[in-house]
Number of protein chains: 2
Amino acid sequence: MPMARASTTNDVFNAIGEPKRRAILEQLVVQQMTVGELVDAMEWPQPTVSKHLKVLREVNLVAETRVGRFHYYRVKPDELRPVQEWIHQFEKYWGGALEQLDSYLIDIQNNGEKSD
Amino acid sequence: MPMARASTTNDVFNAIGEPKRRAILEQLVVQQMTVGELVDAMEWPQPTVSKHLKVLREVNLVAETRVGRFHYYRVKPDELRPVQEWIHQFEKYWGGALEQLDSYLIDIQNNGEKSD
DNA sequence: ATATCATATACCCATATAGGTATATGTAAA
DNA sequence: TTTACATATACCTATATGGGTATATGATAT
């Protein structure tokens, strides 16, 4: 009995892995919108929008405010900080794969062959 | 005939949506490693490591250098830039959801009706 | 050559999940 | 009330994919 894949959408990293969800966030960061306005902007079926909003809600990337029958959604940008911070640990290597190239050259000197 | 879900892993955003793949990148950014060294560090089965490395390779987040039977993997940090740049458009709103709250208050003052 | 090591890949399975349709829920208007 | 509207959700289907096992590939050593 194979142990199956783990759930994914329940964290911010995976939530923004979905292109449609990124598009929704890009819309909402400009201005808060109702679901219907999002449907018009995206030109996707309403359940599609609602379901992606649900995922975004569950990871706290959007917040909802109900006004009558309208549900206003807005981005909670702070929630993207963990992603930015995770990226940050790689930034110091940007533009220079040089240290790694160095150790690679040492490796092939110590071992012989190469490729790539 | 339901149109099924779209492929996801073939872009950087989704590649880093997988926790194991993030862990691999965190290891490799410290130092390049062979698959076997990664297996030892992660304590996952070797095929698991190899398959995640394949995904990371396909989105160009890691590069491979073969030295004899050893395959050295290293991070290509620059490839994370698109993610960082995408995040960047949200940074100006960090710490203050205030403007959005303002416009929300204005909206409900204007009786919450949506314009169409 | 043969054996061993390092890695990739093929295969299977279970499940998570995106997309679609229909319906439920909840609110406001007539 | 009844109707219309706004959104969420239940349901279904197809597929993408993570995890596991076994095997293939490829390189080195003996």
Hey, is the side chain of B:R69 poking within less than 4.0 Å of OP1 or OP2 on C:dT4, counting only N and O atoms?
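Result: no.
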N/O (side chain, A:T34) to phosphate O (OP1/OP2, D:dT7) under 4.0 Å:
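Yes, such a contact exists.
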[X] [atom1] to [N] [atom2], straight-line distance once rounded to whole Å:
X     : N      : atom1 : atom2 : result
A:E37 : D:dC5  : CD    : P     : 17 Å
A:F70 : D:dC5  : CZ    : C1'   : 8 Å
A:M42 : C:dA18 : CE    : P     : 16 Å
B:E18 : D:dA16 : CD    : C1'   : 13 Å

Which residues share a salt bridge (charged side-chain N to carboxylate O under 4.0 Å, His left out) with B:R22, sequence neighbours left out
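Per chain and number, B:R22 pairs via salt bridge (charged side-chain N to carboxylate O under 4.0 Å, His left out) with A:D11.
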Can you sort out the partners of A:E64 under salt bridge (charged side-chain N to carboxylate O under 4.0 Å, His left out), two or more places apart, ordered by chain and number?
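With neighbours one apart ignored, the set is A:R66.
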Polar atom pairs (N or O), protein with nucleotides 8-11 of chain D, under 3.5 Å:
residue: D:dA8; atom: OP1; partner: A:E64; partner atom: OE2; Å: 3.3
residue: D:dA8; atom: OP1; partner: A:H71; partner atom: ND1; Å: 3.2
residue: D:dA8; atom: OP1; partner: A:Y73; partner atom: OH; Å: 2.5
residue: D:dA8; atom: OP2; partner: A:S50; partner atom: OG; Å: 2.6
residue: D:dA8; atom: N7; partner: A:Q46; partner atom: NE2; Å: 2.6
residue: D:dA8; atom: N6; partner: A:Q46; partner atom: OE1; Å: 3.3

Among residues at least two apart in sequence or on other chains, which ones pass ring pair (Phe, Tyr, Trp, His ring centres under 6.0 Å) with B:W44?
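Partners of B:W44 under the ring pair (Phe, Tyr, Trp, His ring centres under 6.0 Å) test: none.
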State which residues pass side-chain contact (heavy atoms from CB on, under 4.5 Å) with B:V39; sequence neighbours excluded, sorted by chain then number.
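In terms of side-chain contact (heavy atoms from CB on, under 4.5 Å), with neighbours along the sequence ignored, B:V39 is linked to B:V35, B:Q46, B:V49.
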For the helix from C:dA1-D:dT30 to C:dA30-D:dT1, how many degrees between its two end axes (five pairs per end), to the nearest 10°?
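Answer rounded to 10°: the end axes differ by 10°.
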Quick one: does any side-chain atom of A:W94 pair with a main-chain N or O of B:P77 as donor and acceptor, under 3.5 Å?
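Here the side-chain-to-backbone pair exists.
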